[in-house]
Amino acid sequence: MKEHHDQARPPFSYPVKVGNISANPVTVKVEADVRERAALAALWRVVSVEELAAEMQIGRWKKDGVRVKGKVKARLVQACVVTLEPVDSVIEEEFEQIFVPEGSKLARLVTGGDTAEMVLDPDGPDAPELFVGDTIDAGETVAEFVALGINPYPRKSGVDFSDHIESDETTDEGKPNPFAVLKDWKTKE
């Protein structure tokens, strides 16, 4: 049973026992190894993940919640969407995530309308995430924040889409505008 649980672990995992977390935040540094970076590259569909490191403070939040706050830095290689050449990108994100145990009063508040302003506050933390059991995964949280920062359309500098996409806005001289036919069709009724 335990082995099956481990197979479901995310590519970058840093489990933290909630019972060991005190009111005074503890600073933790994590870094992905070669195997984890390869697994993340496959997950994110990028050429490679050259570096993934984070420094975060983990501490209690309210009575039974946990706050993870910190900064993550990642270096990725992606394929240019136009030329497929490798594009280096650096992602540096500050993040904050609150975790609350499933079934706690805080968790019920989250699903109700009482904390809508938390979600709407652009400077505040995201809506709390529920955790089951006695462990949160700070590594998975770090990876999720990097994933949000990945450019979905990486391009090498100096490469323009218009160089590679045939434009249909201009028509050759002598050819009727294809939309003119529609205009005439409307007036014939």
List the residues meeting side chain to side chain contact (heavy atoms under 4.5 Å, CB included) with Pro11, not counting sequence neighbours, and say none if there are none.
Ala39, Leu40, Leu43
I'd like to know if Ile136 and Val132 are part of one continuous hydrophobic network [Ile/Leu/Val/Met/Phe/Trp/Tyr, side-chain heavy atoms within less than 4.5 Å].
no
Taking side chain to side chain donor-acceptor pair (under 3.5 Å) as the test, write out the residues that go with Thr135, two or more places apart.
none
In Å and rounded to the nearest 0.5 Å, what is the CZ to CZ distance from Arg37 to Arg75?
8.5 Å
In this structure, NZ of Lys71 is separated from CZ of Phe95 (nearest 0.5 Å) by 11.5 Å
Any donor and acceptor pair, going by atom type alone, linking the side chain of Glu92 with main-chain N or O of Val72 inside 3.5 Å?
no
Give a yes or no on whether the backbone of Trp61 and the side-chain of Arg67 come within a donor-acceptor separation of less than 3.5 Å.
no
Do the non-hydrogen side-chain atoms of Gln78 and Pro86 ever get within less than 4.5 Å of each other?
no
Beyond-backbone contact of Lys156 with Val82, side-chain heavy atoms, under 4.5 angstrom:
no
Test of understanding: with side chain to side chain donor-acceptor pair (under 3.5 Å), list the residues that count as partners of Glu36, not counting sequence neighbours.
none
In the structure I gave you, are the side-chain heavy atoms of Leu130 and Phe99 within less than 4.5 Å of one another anywhere?
no
Separation of Ile150 CD1 from Ile91 CD1 (nearest 0.5 Å)
5.0 Å
Nearest heavy-atom pair of Ala53 and Glu31: which atoms, and what distance?
CB-CG, 4.1 Å
Please write out which residues are connected to Val77 in a hydrophobic cluster, directly or through intermediates, given that two of Ile, Leu, Val, Met, Phe, Trp, Tyr count as joined at side-chain heavy-atom separations below 4.5 angstrom.
Val47
Under the rule for salt bridge (charged side-chain N to carboxylate O under 4.0 Å, His left out), what residues qualify as partners of Arg60, not counting sequence neighbours?
none
From NZ (Lys69) to CD1 (Ile58), nearest 0.5 Å
14.0 Å
To the nearest 0.5 Å, atom CD of Glu129 lies from atom CD1 of Ile98 at 11.0 Å
Contacts of Glu50 meeting side chain to side chain donor-acceptor pair (under 3.5 Å) (sequence neighbours excluded), chain-then-number -> Ser48
Extract all donor-acceptor atom pairs below 3.5 Å that involve side chains of residues 140-149 and protein atoms in other chains or at least two apart in sequence.
{"unit_1": "Thr141", "atom_1": "OG1", "unit_2": "Asp137", "atom_2": "O", "d": "3.3"}

Counterpart residues, side chain to side chain donor-acceptor pair (under 3.5 Å), relative to Glu55 (two or more places apart)
none
Got a sec, which residues hit salt bridge (charged side-chain N to carboxylate O under 4.0 Å, His left out) with Asp134, two or more places apart in sequence or on another chain?
Lys17
According to ring pair (Phe, Tyr, Trp, His ring centres under 6.0 Å), does anything in residues 20-42 pair up with another residue at least two apart or in another chain? List the pairs.
none
Validation row: Asp88, Val90 side chains within 4.5 angstrom (heavy atoms):
no
